[in-house]
Amino acid sequence: RLGRGTTDATHAGMAIAVRSPLESTSPATMGASPGPSVALRWLTLVVVAAAIAYSYLADVLAPGGSDIATVSRRYDNAFTPAPFAFAIWGLIYASFVAHCVVALLPSRRTMEIYDRLAVPLMLANVLGALWVAAFRHDMVFAALLLVATMFAVAWFMLLAASRWVDTGRARFWLTVPFALFFGWMAVATLANLAAARVAAGWTGGPVIEFAWAVGLLVVATAIGLGVGVRRRAFLVPAVVAWATAARGDAGPSRAAHPDASASDSPPRTKTRREGEVITRDKTSRSRPVTPERAGDQLRGLADPRAVHG
């Protein structure tokens, strides 16, 4: 018995001796040594910043293609928001960068949600850069596929962040970047669908164009209100409302009018027939006057009765 007890104590001591070095190298006891999550979060910040820089410079400089506004006018339709609506991208990008910076704070090192959101956030920004490249080169259907994928990724990120907030493990601010992004992606997906319809030649006249616009607005509103109420993310319907208001200020769409392209063509002048003189009346409308009528007018001016009425 005495020997067996000594043997058990010896084995226990060996187990402690073997286990101690492993415990000392665990992430919790490594101290200042950076773990894989820190490197992943730094990589996320770099990828997001690079994607933002590319998207901005590619649109401003437009190398080897047109800028986004020019291409968008080619596929103008009744659902296209006014240009000022796209200023919301500045807010979305700023929230992405702020999220990446906060993830690097020491107080956030132990929050797993930042690691879980890192890969989809990088994917969303890379897809956004690819969308800019595709749309600038008139690859409308490829752009539609990319923006639909971004919409799915945005939903995943919003769902993951809101669940952490619902369980009390994070505050409301965690959902802000993804609520803004999801709300705009909902509208952007429908807008790209409308542009693809125009690119395919499915116009159908002003009535069909108006019906399409109303239908897409109803879908966007339903998504915004549904997600906003279900996930308690009021920023989603706010972004949808912003895009809807911008659509109202966009004015009548050129694509809604069958002869809208006539406004882009140079003004035509009437061909003057031989023996006619073009004069302007008091309403500034051009009218042909024959030499005989011009002579009658000159004789009327020479008559003193015509002067004094």
Side-chain angles (χ1 to χ4, degrees), residues 15-57 87-132 149-186 227-228 230-239 242:
I16 293 174
V18 172
R19 191 163 51 242
S20 296
L22 295 178
E23 291 177 351
S24 64
T25 57
S26 62
T29 58
M30 287 176 67
S33 179
S37 62
V38 178
L40 178 62
R41 296 179 189 187
W42 273 107
L43 178 63
T44 305
L45 177 59
V46 172
V47 171
V48 169
I52 294 173
Y54 170 81
S55 300
Y56 175 76
L57 294 177
I88 197 173
W89 271 114
L91 187 59
I92 294 173
Y93 284 150
S95 66
F96 281 167
V97 173
H99 171 85
C100 294
V101 172
V102 170
L104 293 171
L105 297 177
S107 60
R108 302 295 193 275
R109 294 283 177 85
T110 59
M111 296 182 65
E112 181 188 353
I113 186 61
Y114 288 99
D115 298 328
R116 188 178 302 177
L117 293 171
V119 174
L121 183 56
M122 287 189 288
L123 177 62
N125 282 269
V126 170
L127 289 173
L130 291 176
W131 180 89
V132 171
T149 307
M150 293 169 64
F151 176 67
V153 175
W155 168 245
F156 172 83
M157 293 190 294
L158 176 60
L159 188 63
S162 61
R163 283 176 177 173
W164 268 67
V165 173
D166 293 341
T167 55
R169 291 177 289 178
R171 295 187 177 183
F172 158 78
W173 300 106
L174 180 65
T175 63
V176 169
F178 313 110
L180 293 172
F181 186 55
F182 177 82
W184 185 254
M185 281 297 100
V227 175
R230 181 69 180 85
R231 304 311 311 175
R232 292 192 290 275
F234 69 89
L235 285 177
V236 174
V239 172
W242 164 264

Heavy-atom closest contact (Ala103 atom, Arg108 atom, distance): O-CB, 4.1 Å
Just so I know, are the side chains of Leu40 and Met122 near enough to count as touching, which here means a heavy-atom distance under 4.5 Å? yes
Using side-chain heavy atoms (C-beta onward) and a distance below 4.5 Å, is Leu123 in contact with Met150? no
All heavy atoms of Ala170 vs all of Leu174, minimum pair found to be CB-CD2, 3.6 Å
Nearest-0.5 Å distance that lies between atom CG in Leu130 and atom OH in Tyr54: 7.5 Å
What distance do Met185 atom CE and Ile92 atom CD1 have between them, rounded to the nearest 0.5 Å? 6.5 Å
Can you establish whether the number of heavy atoms outside Phe172 located under 6.0 Å from its atom CZ is more than 12? yes
Would you give me the side-chain donor-acceptor pairs under 3.5 Å for residues 154-166, sequence neighbours excluded?
residue	atom	partner	partner atom	Å
Ser162	OG	Leu158	O	2.9
Ser162	OG	Leu159	O	3.0
Ser162	OG	Arg231	NE	3.3
Ser162	OG	Arg231	NH2	3.3
Asp166	OD1	Arg232	NH2	3.1
Asp166	OD2	Arg231	NH2	3.0

Locate the shortest heavy-atom distance separating Val48 from Cys100; write the atom from each residue and the value. CG2-SG, 4.0 Å
Could you tell me whether the side chain of Phe181 reaches within less than 4.5 Å of the side chain of Val153, counting heavy atoms only? no
Which atom pair, heavy atoms only, marks the closest approach of Ala233 to Ala179? CB-CB, 4.4 Å
Verify, without hydrogens or angle tests, whether Ser55 (side chain) and Ile52 (backbone) share a donor-acceptor contact under 3.5 angstrom. no
Identified side-chain contact (heavy atoms from CB on, under 4.5 Å) partner of Arg41 from the options Val101, Asp115, Val46, Leu117: Asp115
Rounded to the nearest 0.5 Å, how far does OH of Tyr93 lie from CG of Asn125? 7.0 Å
With rounding to the nearest 0.5 Å, note down the distance linking CZ in Phe234 to OG1 in Thr175. 8.0 Å
Would you please name every residue forming a salt bridge (charged side-chain N to carboxylate O under 4.0 Å, His left out) with Arg116, sequence neighbours left out? Glu112
Test of understanding: with side-chain hydrogen bond (donor to acceptor under 3.5 Å, both in side chains), list the residues that count as partners of Thr167, not counting sequence neighbours. Arg169
Parallel, tilted or perpendicular: which describes the rings of Trp89 and Trp184, with under 30° parallel and over 60° perpendicular? perpendicular
Let me confirm one number: the CZ-CG distance from Phe96 to Leu91, rounded to the nearest 0.5 Å. 10.5 Å
Taking every heavy atom of Gly183 against every heavy atom of Val239, the minimum-distance pair comes out as C-CG1, 3.6 Å
